[in-house]
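Here is the structure we will look at, set down as structure tokens.
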Amino acid sequence: MAKGDELVKYITEKVVDFVETPREVRRERSKPKEPWTHRWFGMIPFSVSLWAEQLPVKRKKEREHSRSSEG
């Protein structure tokens, strides 16, 4: 039964700690995580996404519309 008592004591301490800390401090602790692509692959996905944004976009509807108006 000692393990159960230790578990209750631990959970109680965590709950009391959570309740006693101000909301702002808790929000600072839970800062947003970096995207998983940065963690796994570094800056490569970011640089590719920046490069892809600069490419001209060809839309499927515009191509179909221009083809139908030609013929």
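On a predicted model such as this, the values are computed, not experimentally measured, just so you know. If you read the sequence from its start, that first residue is 1, and numbering goes on from there.
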Taken to the nearest 0.5 Å, the spacing of M43 CE from L50 CG works out to 8.0 Å

Indicate, with yes or no, if Y10 and V15 share a hydrophobic cluster defined by side-chain heavy-atom contacts under 4.5 Å among Ile, Leu, Val, Met, Phe, Trp and Tyr.
yes

Less than 3.5 Å apart, which donor and acceptor atoms pair up between the side chains of residues 17-25 and the rest of the protein, not counting sequence neighbours?
residue: T21; atom: OG1; partner: D17; partner atom: O; Å: 3.4
residue: T21; atom: OG1; partner: F18; partner atom: O; Å: 3.0

